[in-house]
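Have a look at the structure below, then the notes.
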Amino acid sequence: MFKKKRLAWTTAILLAVILSGILVFRSVLDMNESELSTAEIAFNQVELTPNALRISGTLVASALSYRDCEYEQDGSNLYITLQGGLVTKKHPDGDFDISIRNDDFSKVDRVYLKHGEDHVLIYPQR
């Protein structure tokens, strides 16, 4: 009788530890997000109109996936920050096609990719 109880408790504890580990691993993958640099990105197209910006491309590293895009405008300059992370089921690849609509883009004539304090001109192309 004692051995059956002990086996049941051991099994329950082992399952709890395994499930906790899986949950922690999944949350770490989802939270693993960082700014991408130009060395990690191959741009296919950067198109600017007076009311929209369209950027398409892919991430060079096969283990990275595109996650999100943020931007800020400073006069005639537009600074884009791309976020990436490890490939997951939710974020399966590094291809991206971003469209941002904003009527203030008529004042913009240069677009930069921002990475930390650094920024690199991506439009117009040199």
Side-chain angles (χ1 to χ4, degrees):
M1 176 86 166
F2 177 72
K3 287 185 179 184
K4 286 184 182 180
K5 250 186 179 179
R6 184 175 172 188
L7 180 62
W9 276 105
T10 304
T11 303
I13 291 171
L14 185 60
L15 282 174
V17 168
I18 289 172
L19 289 175
S20 297
I22 290 171
L23 290 174
V24 167
F25 181 72
R26 285 184 50 93
S27 67
V28 166
L29 280 180
D30 286 340
M31 292 179 356
N32 181 17
E33 208 171 275
S34 63
E35 291 181 3
L36 299 170
S37 70
T38 53
E40 299 169 300
I41 303 170
F43 292 103
N44 296 333
Q45 179 182 24
V46 180
E47 181 181 343
L48 180 65
T49 64
N51 59 356
L53 172 69
R54 180 169 182 245
I55 303 173
S56 64
T58 189
L59 302 183
V60 183
S62 62
L64 292 179
S65 64
Y66 167 75
R67 299 290 175 90
D68 196 15
C69 174
E70 298 172 359
Y71 71 94
E72 62 184 76
Q73 186 174 345
D74 182 17
S76 63
N77 297 324
L78 186 65
Y79 298 93
I80 304 292
T81 303
L82 298 181
Q83 301 286 333
L86 294 175
V87 170
T88 63
K89 194 177 271 189
K90 185 177 177 182
H91 304 283
D93 61 46
D95 295 336
F96 59 90
D97 191 353
I98 303 163
S99 293
I100 303 169
R101 299 185 92 28
N102 187 325
D103 290 333
D104 279 348
F105 287 170
S106 60
K107 302 170 187 168
V108 173
D109 59 9
R110 287 183 300 277
V111 180
Y112 295 90
L113 178 67
K114 188 174 177 185
H115 181 248
E117 294 300 316
D118 298 331
H119 53 276
V120 176
L121 182 69
I122 59 173
Y123 180 89
Q125 296 176 341
R126 299 178 202 191

Interatomic distance, CG@Leu36 vs OG1@Thr81, rounded to 0.5 Å, equals 10.0 Å
Applying the 4.5 Å side-chain criterion to the ILVMFWY set and letting contacts propagate, would Val108 and Ile100 be lumped into a single cluster? yes
Rounded to the nearest 0.5 Å, how far apart are OG of Ser76 and CG of Asp109? 4.0 Å
In Å and rounded to the nearest 0.5 Å, what is the OG to NE2 distance from Ser37 to His115? 5.0 Å
Can you tell me how far the OG atom of Ser99 sits from the CD1 atom of Ile55, to the nearest 0.5 Å? 9.5 Å
Quick check: do Leu53 and Val46 have side-chain heavy atoms less than 4.5 Å from each other? yes
Answer yes or no: is there a side-chain heavy-atom contact under 4.5 Å between Gln73 and Leu78? yes
Any chain of hydrophobic side-chain contacts (each under 4.5 Å) joining Leu64 to Ile98? yes
Output for pair (Asp118 CG, Thr38 OG1), nearest 0.5 Å, gives 9.0 Å
Would you name the heavy atoms of Phe105 and Asn51 that are closest together and state the gap between them? CD1-C, 4.2 Å
Under a plain distance cut-off of 3.5 Å, with no hydrogens placed, do Asp95 and Thr58 share a side-chain donor-acceptor pair? yes
Regarding Tyr71 and Asn102, is there a side-chain donor-to-acceptor distance under 3.5 Å anywhere? yes
Return the set of residues passing salt bridge (Lys or Arg N to Asp or Glu O under 4.0 Å) with Glu117 (not counting sequence neighbours), or none when no residue passes. none
For Tyr79, ring pair (Phe, Tyr, Trp, His ring centres under 6.0 Å) partners two or more places apart: Tyr112, His119
I want to know whether Tyr123 and Phe43 have ring centres closer than 6.0 Å. no
NZ/NE/NH1/NH2 to OD/OE distance under 4.0 Å, Lys114 and Glu72: yes
For the residue pair Arg6 and Thr10, establish whether any side-chain heavy-atom pair is separated by less than 4.5 Å. yes
Going from CZ on Arg67 to CG on Leu82, what distance comes out if it is rounded to the nearest 0.5 angstrom? 13.0 Å
Holding to salt bridge (Lys or Arg N to Asp or Glu O under 4.0 Å), I want the full list of residues that pass it with Arg54, two or more places apart in sequence or in another chain. Asp97
